[in-house]
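Only one structure is covered here, and it is reproduced in the block below.
Throughout, numbering of the chain's residues begins at 1 and tracks the sequence.
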Amino acid sequence: MEPLRGLGRGAKVFYRKDVTVWQQGELLALAENGTVTIQVGATSLTVAQELVVPANPVLQDGIPDVVQLSYLNEPGILYNLGHRYNLDDIYTWAGPVLIALNPCKPLPLYTPEVATEYKQAARESVTTLAPHIYMVAAAAFRQMLRNKCSQSLVVSGESGAGKTETTKKAMQYFATLAGGTGVEDQVLETNPVLEAFGNAKTLRNHNSSRFGKLIQIHFNGSHHICGATIKTYLLEKSRVVMQMKGERSFHIFYQLVRGATDAERRAFLLPPKAQDFHFLSQSGCYDIAGVDDAAEFRVVRRALADIGVDMETQTMLFKLLSGLLWLGNIEFEESGTGDSTKVRQTPALGNAASLLGWSQEALITALTTRRIVAPGEVVIKLLKVGDAVEARNSLAKAIYSAIFNWVVARINARLSSGKGASGLYIAILDIYGFEQFERNSFEQLCINYANERLQQQFTHHLFKLEQTEYESEGVDWTKVEFIDNQDCVDIFELMPPKGLGMLAVLDSQCKFPRATDGTLHNQLLEALSSRSHFGTNPRVPGSFIIRHYAGAVQYDTGGLLDKNKDTLNTDLIQLMSSSSKPLVAELGASVQEETERSAKKGQTVITRFGQQLRELVSELDTTGLHFVRCIKPNAQLLPNNMDPVATLHQLR
């Protein structure tokens with residue numbers, strides 16, 4: 001290999017043992033026949049030259065920007081990151097991109113003293129400071145002032161890589177840098193609230209965001225924070241009724257059960273343990289190591305008060321959450337020949353009805369029957385047990401989704417920037433990381449679609465930066481190779497006459513009355529089987545494979561149609577709206593409004609999400625972009641442990 005030609009005996013090299021493993025060694029001899037002899041540990045090996053690349057000189061060990069390495073190759077970058085990680089230097093530049101390796105432990109990198117040290121970088125370019133999330137935030141602030149243009153920080157990485165923590169650290173820096181109005185504290189208080197209602201423990205992350213969020217921090221004419229706006233994307237509401245083994249539902253449920261006072265426990269009808277609720281007991285996981293849910297609940301309550309949710313409204317909110325949990329304990333049994341359903345007379349029925357403001361009779365009717373309006377008459381259809389369970393779960397998911405939207409709306413109302421805003425803002429995008437599990441369904445399909453679309457924006461932006469630099473140096477940039485993921489984006493977004501993509505097929509199948517998981521699978525194969533980034537696994541019926549930029553993922557068509565329709569029966573919406581509890585009735589009205597709006601536009605969940613995603617990318621494109629790529633060092637999130645295989649996969 002050409003780079004080896006100038007190296008002498010004893011030079012440090014890296015040997016590619018297999019697709020994922022590089023080993024350090026020493027060069028012994030370079031042969032004319034295309035082979036090279038190297039020493040790896042105590043073993044002497046003769047291998048093909050293309051399997052060996054030069055290592056960087058020892059003087060460059062741990063340099064802060066990998067672009068400055070003498071040999072910019074895969075193992076060289078990996079070695080440099082590992083060297084820095086072992087010294088707790090978790091941040092490294094890759095040109096204009098900040099790589100952030102999750103330390104999986106607390107580090108003294110975010111003290112007020114450190115923030116003050118990085119303040120200078122917000123006013124002028126400083127090259128002497130170490131790589132840090134504060135440097136990215138400072139550059140965004142500096143460019144906002146200089147160019148009079150809003151900026152965006154795009155924080156990406158897979159689940160568990162540290163995106164949420166990185167976002168919080170950037171917000172803390174802005175509060176230190178541009179505080180003084182008092183609003184900055186309220187902006188920071190949004191974090192514990194959003195995490196309580198939108199985050200959960202997953203197999204890969206103890207505090208995983210189960211929604212996407214864009215936080216816009218607004219500045220006034222004197223460049224101080226004067227408000228904020230939060231936009232959210234696709235809450236994983238299915239987690240309310242079911243979680244995988246080893247995972248939890250949203251944090252707020254466990255915080256409530258463990259943190260309520262004795263008086264509140266009686267008022268909210270709370271049982272002693274989280275596992276007493278069916279919605280929380282299915283996964284067998286109730287705790288997070290090192291986390292005190294009761295203490296977290298006190299933090300959330302203070303934060304809610306700071307953003308304008310008074311104690312009386314908090315009481316209404318927590319009663320509603322308890323009522324939702326009791327809904328999950330309502331049990332059904334077959335009636336007569338099995339064509340209809342009875343609700344078992346257990347405490348759950350009375351508790352749910354009381355807390356949610358309905359009569360028991362109204363709740364039973366809504367869960368076990370369905371009104372079908374036909375020309376000139378109304379037909380009452382009796383539901384089977386499976387349909388009644390689905391109605392109960394749909395109601396719980398709709399209530400929680402409405403609660404989440406209500407919380408976000410309250411935050412936005414409190415943090416409204418009003419007339420003082422200059423029109424300039426810095427946005428921080430923290431969106432779900434790429435996901436791959438044993439079974440991947442609708443949620444993973446949407447999450448990975450979002451990641452694919454944002455990866456495309458990332459590569460476009462960096463190519464433009466490279467192009468600009470080449471032009472300034474008089475270099476012919478037309479010869480620069482540009483690797484795009486448009487073929488994979490097309491799998492999702494193709495529209496006639498060019499073809500049908502995933503969104504179009506799902507949309508059309510949801511409008512087809514007799515569509516099933518089987519007809520959806522057939523339509524996907526018919527529309528996409530000729531595409532290079534689409535495939536199938538004959539051994540797993542009903543599955544399909546998408547070859548994403550981050551790796552191939554196998555999806556299951558089972559349940560995709562129902563999740564994409566996400567229809568809530570009119571009877572259940574009317575039940576919510578008829579509640580004697582003002583907050584439940586308010587949420588019912590908002591669900592009704594959203595349902596009518598989607599029906600009017602003919603939108604399913606994924607087409608609505610696709611539209612949100614396109615609007616998000618367009619909005620980001622109008623701002624100055626700054627990228628932070630978070631890396632998860634190992635699957636178990638252990639400190640002081642950088643798994644080279646896992647890290648290399650993410651770097652690639």
Side-chain angles (χ1 to χ4, degrees), residues 237-243 249 253 269-271 275-283 319-402 513-518 558-559 561-563 565-581 584-585 587-588 591-592 595:
K237 58 185 177 183
S238 59
R239 183 169 292 272
V240 172
V241 301
M242 186 176 65
Q243 311 89 39
S249 186
F253 292 122
L269 307 178
L270 287 170
Q275 47 265 53
D276 291 329
F277 285 120
H278 172 67
F279 281 162
L280 305 182
S281 67
Q282 302 166 73
S283 69
K319 279 186 176 179
L320 174 48
L321 288 170
S322 179
L324 185 156
L325 290 172
W326 278 114
L327 261 185
N329 282 25
I330 292 178
E331 298 173 352
F332 304 97
E333 59 186 31
E334 290 184 352
S335 178
T337 59
D339 289 334
S340 59
T341 302
K342 285 198 306 186
V343 175
R344 289 181 180 153
Q345 292 296 318
T346 63
L349 176 64
N351 289 347
S354 169
L355 290 164
L356 296 170
W358 305 312
S359 69
Q360 292 188 32
E361 294 73 21
L363 180 55
I364 290 170
T365 300
L367 295 180
T368 60
T369 65
R370 182 171 300 164
R371 289 186 309 151
I372 300 172
V373 180
E377 62 176 335
V378 176
V379 178
I380 304 296
K381 178 186 176 183
L382 303 178
L383 300 183
K384 295 181 179 180
V385 169
D387 294 328
V389 170
E390 183 55 39
R392 178 200 69 190
N393 291 351
S394 294
L395 179 59
K397 289 186 290 185
I399 290 172
Y400 193 78
S401 179
R514 293 177 182 163
T516 63
D517 294 335
L561 283 176
D562 286 339
K563 287 182 177 180
K565 289 176 186 172
D566 193 34
T567 48
L568 187 65
N569 182 263
T570 307
D571 296 351
L572 297 175
I573 297 175
Q574 290 178 352
L575 179 72
M576 287 180 67
S577 301
S578 68
S579 171
S580 61
K581 307 290 185 185
V584 180
L587 298 181
V591 171
Q592 173 81 44
T595 303

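Put simply, the side chain of Gln345 reaches to within 4.5 Å of the side chain of Ile364, judged on heavy atoms. By the 4.5 Å heavy-atom criterion applied to side chains, Leu382 and Thr341 are not counted as neighbours. Using a 4.5 Å heavy-atom threshold, the side chains of Leu355 and Leu320 count as separate. Contact check for Thr346 versus Asn329: no side-chain heavy atoms found under the 4.5 Å cut-off. The shortest side-chain heavy-atom distance between Asp517 and Asp562 does not fall under the 4.5 Å cut-off. The shortest distance between side-chain heavy atoms of Val385 and Glu333 does not fall below 4.5 Å. Counting heavy atoms from C-beta outward, Lys381 and Thr369 have side chains that stay 4.5 Å or more apart. The side-chain heavy atoms of Arg392 and Val389, taken from C-beta on, include a pair separated by under 4.5 Å.
The closest donor-acceptor contact from the side chain of Asn351 to the backbone of Leu269 lies at 3.5 Å or more, if one exists at all. Ser579 places no side-chain N or O within 3.5 Å of a backbone atom of Met576 that could act as its donor or acceptor partner. The backbone N or O of Lys397 lies less than 3.5 Å from no partner atom in the side chain of Ser401, so there is not a single donor-acceptor pair. When atom types are taken as modelled, the side chain of Glu377 and the backbone of Val373 share no donor-acceptor pair closer than 3.5 angstrom. With hydrogens and angles disregarded, a donor-acceptor distance shorter than 3.5 Å links the side chain of Gln282 to the backbone of Val241.
When the shell of 6.0 Å around CZ of Arg239 is examined, it contains more than 12 heavy atoms from other residues, nucleotides or ligands. No more than 12 heavy atoms of other residues, nucleotides or ligands sit less than 6.0 Å from atom NZ of Lys342.
Interatomic distance, Asn393 CG to Leu327 CG, rounded to the nearest 0.5 Å: 9.0 Å. Remark: Lys581 NZ to Ser354 OG distance equals 6.0 Å, nearest 0.5 Å. To the nearest 0.5 Å, atom OG of residue Ser340 and atom CD of residue Glu334 are 9.0 Å apart. Considering CD of Gln592 and OG of Ser577, their distance stands at 6.0 Å, rounded to 0.5 Å. To the nearest 0.5 Å, the span separating OG on Ser283 from CD on Gln243 amounts to 5.0 Å.
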Can you list the steps and then say if Leu572 with Leu367 is a side chain to side chain contact (heavy atoms under 4.5 Å, CB included)? CA-CA 8 Å; Leu572 297 175; Leu367 295 180; 4.3 Å; yes
Candidate pair Arg370 and Leu383, rule side chain to side chain contact (heavy atoms under 4.5 Å, CB included), full reasoning: CA-CA 7 Å; Arg370 182 171 300 164; Leu383 300 183; 4.1 Å; yes
Go through Ile330 and Leu363 one step at a time and tell me if the side chain to side chain contact (heavy atoms under 4.5 Å, CB included) criterion holds. CA-CA 10 Å; Ile330 292 178; Leu363 180 55; 3.8 Å; yes
Trace of the ring pair (Phe, Tyr, Trp, His ring centres under 6.0 Å) decision for Phe279 with Tyr400: CA-CA 12 Å; Phe279 281 162; Tyr400 193 78; over 10 Å; no
Give the intermediate values and the outcome of side chain to side chain contact (heavy atoms under 4.5 Å, CB included) for residues Thr365 and Asp571. CA-CA 9 Å; Thr365 300; Asp571 296 351; over 6 Å; no
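Residues Glu390 and Ser394 have side chains that bring a donor and an acceptor to within less than 3.5 angstrom of each other.
Salt bridge annotation for Lys237-Asp566: present, with a cationic side-chain nitrogen under 4.0 angstrom from a carboxylate oxygen.
Here the closest heavy-atom approach between residue Ala352 and residue Gly323 is recorded as CB-O, 4.0 Å. In this structure, Gln360 and Gly350 approach most closely via the heavy-atom pair NE2-CA, 3.6 Å. When all heavy atoms are compared, the tightest approach of Leu568 to Ala398 is CD2-CB, 3.5 Å.
Using the six-membered ring where Trp is involved, Phe277 and Trp326 have ring planes that are perpendicular, over 60° apart on the 30 and 60° scheme.
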